[in-house]
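All remarks here apply to the structure that follows.
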Amino acid sequence: MLYDTLTRRKKPFVPIEEGKVRLYVCGPTVYGDPHIGNFRTFSVGDFLRRWLDYRGYDVFHTMNITDIEDKTIRDSGAEGISLKEFTDRYTRSFLRGLDVLNLRRATTYPKATEYVAQMIDFVQKLLDKGVAYVADDGVYFDIDKFPEYGKLSHVDTEKVEKTERMMQDEYDKEAANDFALWKFATQEELDRGIYYESPWGRGRPGWHIECSVMSRCLMGDTIDIHAGGEDLTFPHHENEIAQTESLTGKTFVNHWLHVRFLTINGTKMSKSLGNYISFDDVLAKYSAEAFRYFYLSVHYRRPLDYTEESMKIAENSVARLGNTLDLIEGAMNQPDVNLDYTEKESTFIESVKELRGKFEAAMDDDLDTHGALDALHAMSGAINRYIDIGANKGVLTIAATTYLKLLNALGLYEKRAGGAGGITDDVISILADLREKLRLEKNYDLSDMIRDDLGKIGVVLSDTAEGARWKIEDS
RNA sequence: GCCGGGUUGGCUGAGCGGUUUAGGCGUCCGCCUGCAGAGCGGAUCUACGGGGGUUCGAAUCCCUCGCCCGGCUCCA
């Protein structure tokens with residue numbers, strides 16, 4: 001089941017082609033470092049993508065990169081560098097964010113500037129169909145030619161037209177809601193060489209056309225899922241529908257997915273308010289796991305508020321899930337204390353199975369990541385308790401495999417800090433052994449000092465019944 | 001003004017007519033520990049914005065009032 005903005009209800013997800021999913025997620029406009037609000041949308045895209053992967057679908061995942069529009073031209077000009085130099089920089093920043101936050105890479109990241117020829121072709125076809133017209137400053141789509149206009153956002157164009165902003169008609173278009181398919185170059189753009197030749201004159205594509213064109217070129221006339229931030233519903237996605245469906249006569253997208261905005265301390269995060277924070281800011285204070293957990297902890301269609309407190313909760317909560325992995329590891333390193341397979345083993349395995357079912361049901365129900373985390377916490381508790389009473393290693397392995405698989409399906413703890421390797425590993429081991437001897441001699445002053453000092457450099461040492469264990473904390 | 005969403009215990013956040021004070025975090029106590037951490041056990045918290053109504057029964061349905069947030073303009 002997956003919610004669809006168009007019908008405003010959940011409906012069963014049935015891919016166009018069995019076993020395959022065509023997924024398009026609206027990507028960034030590369031005119032600045034992405035902030036954590038932007039990344040909420042991309043992260044939700046990642047949750048969706050991972051879940052489809054988990055369910056065995058072959059996912060073709062497209063995320064566009066908008067590298068030519070007003071802001072990129074304006075800001076690169078202000079900086080006095082070429083458009084390409086400017087957008088390359090922020091494209092790199094964006095891609096780095098994906099990696100740092102452990103978002104699975106999309107199948108492809110098409111750039112708007114690489115599809116200009118196809119866009120021109122698309123626009124020409126719309127002109128041929130008579131649903132677009134050439135004006136003095138560009139080519140426009142005539143929304144009166146698309147009677148279903150407004151079906152996605154449920155916007156009444158009659159009313160929208162009455163708003164003040166719309167009345168300020170700064171463009172040479174026939175109706176207020178008509179939108180640009182192609183913009184003729186300004187003098188500045190001509191001077192800077194930012195233009196493309198077209199049958200109607202030098203210029204550049206309008207913003208909305210790129211998604212329609214790239215989606216169609218890469219995945220065909222109809223795709224399964226198109227996702228983006230809630231702000232894109234109107235007018236961006238509405239316009240995409242109008243363009244594409246006018247051209248193909250087919251349904252453009254089967255499921256429209258819109259991600260609710262992130263707020264910070266109760267208000268919207270935006271550049272103009274100056275209250276935005278980058279992923280680097282967050283990662284300076286919290287782990288990547290905690291950050292991901294934070295996104296996962298609230299359903300994607302509900303508002304999510306960033307506060308220091310909610311991040312601390314996320315940090316603690318995700319650590320609890322991670323501690324279970326430590327316990328499992330510790331138990332596996334113990335001698336076999338339990339080779340039985342009795343009722344407590346079967347009960348344990350049963351509950352793990354049941355919780356796995358809960359997890360899957362939650363994710364299948366419109367990507368209920370919060371419900372999935374609940375199941376994971378319950379499973380974590382069950383595993384901890386089972387280890388406490390003396391685990392049968394074989395049974396524990398089965399449970400641990402399931403647990404880890406589900407964590408990974410959410411993108412959590414995929415790359416655990418399993419030691420530093422090499423000489424660092426050895427040095428820490430020597431220190432740990434030395435400390436163990438001191439402890440046996442009851443020299444607690446020195447042994448505590450070693451533990452404290454190691455803690456200061458991020459090595460967490462903990463005593464267990466089977467001797468000391470240590471791990472290097474995630475940065 | 002129009003269109004959405006929200007309003008739940010110290011915090012976070014499920015529930016969407018009738019098992020269970022959901023779960024997590026926090027706090028406190030106990031077990032385990034030389035101590036700490038982790039884990040386990042227990043306790044704390046019995047909440048549902050205000051006011052009406054429907055019902056045998058409502059956090060859950062209806063009406064109404066309030067407050068908060070977002071979209072309607074480039075924005076994830």
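Values reported hereafter were calculated over all heavy atoms of this structure, with side chains retained and with hydrogens, waters and symmetry mates removed. Here is how names work: the chains are called A, B, and so on, in the same order as the sequence lines, proteins then strands, and each is numbered from 1. Note that the structure is a prediction, hence the values are computed from the model and not measured.
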Considering only side-chain heavy atoms of A/R439, which listed nucleotide, B/G34, B/C40, B/G13, is closest?
-> B/G34
note: A/E230, atom CD; B/G6, atom P; distance rounded to Å ~ 12 Å
May I ask you to say what A/D452 touches in the nucleic acid, namely base, sugar-phosphate or nothing, with a heavy-atom cut-off under 4.0 Å?
-> nothing
Classify the nucleic acid contact of A/T29 as base, sugar-phosphate or nothing, counting any heavy atom under 4.0 Å across all strands shown.
-> sugar-phosphate
Between A/H226 and A/W256, how do the two ring planes meet: parallel, tilted or perpendicular, split at 30° and 60°?
-> tilted
Per A/R435 side chain, nearest of listed nucleotides B/G34, B/A38, B/A76 | B/G34
Within this structure, what is the CG-to-C1' distance between A/L327 and B/C32, rounded to whole angstrom?
-> 13 Å
Distance-only donor-acceptor test, A/D448 side-chain atoms vs B/G34 base atoms, 3.5 Å = yes
Would you classify A/H35 as touching base, sugar-phosphate or nothing, given that sugar-phosphate means primed atoms plus P, OP1 and OP2, and contacts are heavy atoms under 4.0 Å?
-> base
Selected nucleotide, minimal atom distance to A/R40 side chain, candidates B/C40, B/A22, B/A76 | B/A76
How far, in whole Å, is B/C3 from B/U73 if one measures between their P atoms?
-> 15 Å
Take atom C1' in B/G23 and the same atom in B/C68, then report the distance between them in whole Å.
-> 26 Å
Salt bridge (Lys or Arg N to Asp or Glu O under 4.0 Å) test vs A/K10 passes for just one of A/D4, A/D366, A/D365, namely A/D365
Given that A/D445 and A/R301 both sit by RNA chain B, which one's nearest nucleotide is further toward the 5' end?
-> A/R301
B/C40 OP1/OP2 closer than 4.0 Å to side-chain N/O of A/R320 = yes
Proximity to the side chain of A/Y444 - top-ranked nucleotide from B/C69, B/A76, B/G34 | B/G34
Nearest-Å distance once atom P is located in both B/C67 and B/C40 | 45 Å
When you measure from the side chain of A/R260, which nucleotide among B/G70, B/A76, B/G34 comes out closest?
-> B/G70
Between B/C11 (C1') and A/I313 (CD1): distance, integer Å = 5 Å
For A/D33 and B/A76, give me the distance from atom CG to atom P, rounded to whole Å.
-> 13 Å
Any A/K11 side-chain heavy atom under 4.5 Å of A/M1 side chain = no
If B/U55 has a Watson-Crick or G-U wobble mate with both distances under 3.5 Å, name it; if not, just say none.
-> none
Describe the nucleic acid contact of A/G371 in one word from base, sugar-phosphate, nothing, applying a heavy-atom distance below 4.0 Å.
-> nothing
Which is true for A/I389 with a 4.0 Å heavy-atom rule: it touches a base, it touches only sugar-phosphate, or it touches nothing?
-> nothing
Among B/G70, B/G23, B/C35, find the nucleotide with the atom closest to the side chain of A/F261.
-> B/G70
Rounding to the closest angstrom, what is the interatomic distance between B/G51 and B/G66 at atom C1'?
-> 10 Å
Would you state whether a donor and an acceptor, one from the side chain of A/R8 and one from the base of B/C3, lie under 3.5 Å apart?
-> no
Centroid-centroid distance, A/H370 to A/H299, less than 6.0 Å | no
Base-pairing mate for B/A38 - Watson-Crick or G-U, with both contacts under 3.5 Å | none
With respect to the side chain of A/R451, which nucleotide from B/C25, B/C35, B/C69 is positioned closest?
-> B/C35
Whole-Å P distance, B/G57 and B/U21 | 22 Å
Side-chain N or O of A/N323 closer than 4.0 Å to phosphate OP1/OP2 of B/A38 = no
Between A/F39 and A/F42, how do the two ring planes meet: parallel, tilted or perpendicular, split at 30° and 60°?
-> perpendicular
If you look at every strand shown and take non-hydrogen atoms under 4.0 Å, does A/D388 touch a base, only sugar-phosphate, or nothing?
-> sugar-phosphate
For B/A59 versus B/G53, give the span between their P atoms, rounded off to a whole number of Å.
-> 15 Å
Whole-Å distance separating the NE2 atom of A/H377 from the C1' atom of B/G24 | 5 Å
For B/G23, the Watson-Crick or wobble counterpart (both distances under 3.5 Å) | B/U12
Hey, does A/K268 reach any base, or is it just sugar-phosphate, or nothing, if we go heavy atoms under 4.0 Å?
-> base
Please work out if A/S317 contacts a base, only the sugar-phosphate, or nothing of the nucleic acid, heavy-atom cut-off 4.0 Å.
-> sugar-phosphate
In whole Å, what separates the P atom of B/C29 from that of B/C65?
-> 50 Å
May I have the distance from A/L152 (atom CG) to B/C3 (atom P), rounded to whole angstrom?
-> 17 Å
What's the CG-P distance between A/N316 and B/G39, to the nearest Å?
-> 10 Å
What is the nucleic acid contact for A/G228, judged by heavy atoms within less than 4.0 Å: base, sugar-phosphate only, or nothing?
-> sugar-phosphate
Mark this stacking check for A/F234 against B/G71 as yes or no, applying ring centres under 5.5 Å and ring planes under 30°.
-> no
Centroid-centroid under 6.0 Å between A/H208 and A/H237 rings | no
Would the A/Y306 and A/F294 ring centres measure less than 6.0 Å apart?
-> yes
Expressed in whole Å, how much space separates the C1' atoms belonging to B/A47 and B/U12?
-> 14 Å
Looking for any heavy atom pair under 4.0 Å, which part of the strands does A/M63 touch: base, sugar-phosphate only, or nothing?
-> nothing
Across every strand shown, the nucleotide meeting Watson-Crick or G-U wobble geometry with B/G1 (both distances under 3.5 Å) is B/C72
Please tell me which of the listed nucleotides, B/U12, B/G70, B/A36, lies nearest to the side chain of A/S462?
-> B/A36
Any side-chain heavy-atom pair from A/I389 and A/Y386 closer than 4.5 angstrom?
-> yes
Assign A/V25 to base, sugar-phosphate, or nothing according to its heavy-atom contacts below 4.0 angstrom with the strands shown.
-> nothing
Taking the side chain as every heavy atom from C-beta outward, state whether A/Y293 and A/S287 have any pair of such atoms under 4.5 Å apart.
-> no
By nearest-nucleotide position on RNA chain B, the 5'-leaning member of A/D368 and A/D231 is A/D368
A/H299 NE2 to B/U12 C1', in whole Å, measures 17 Å
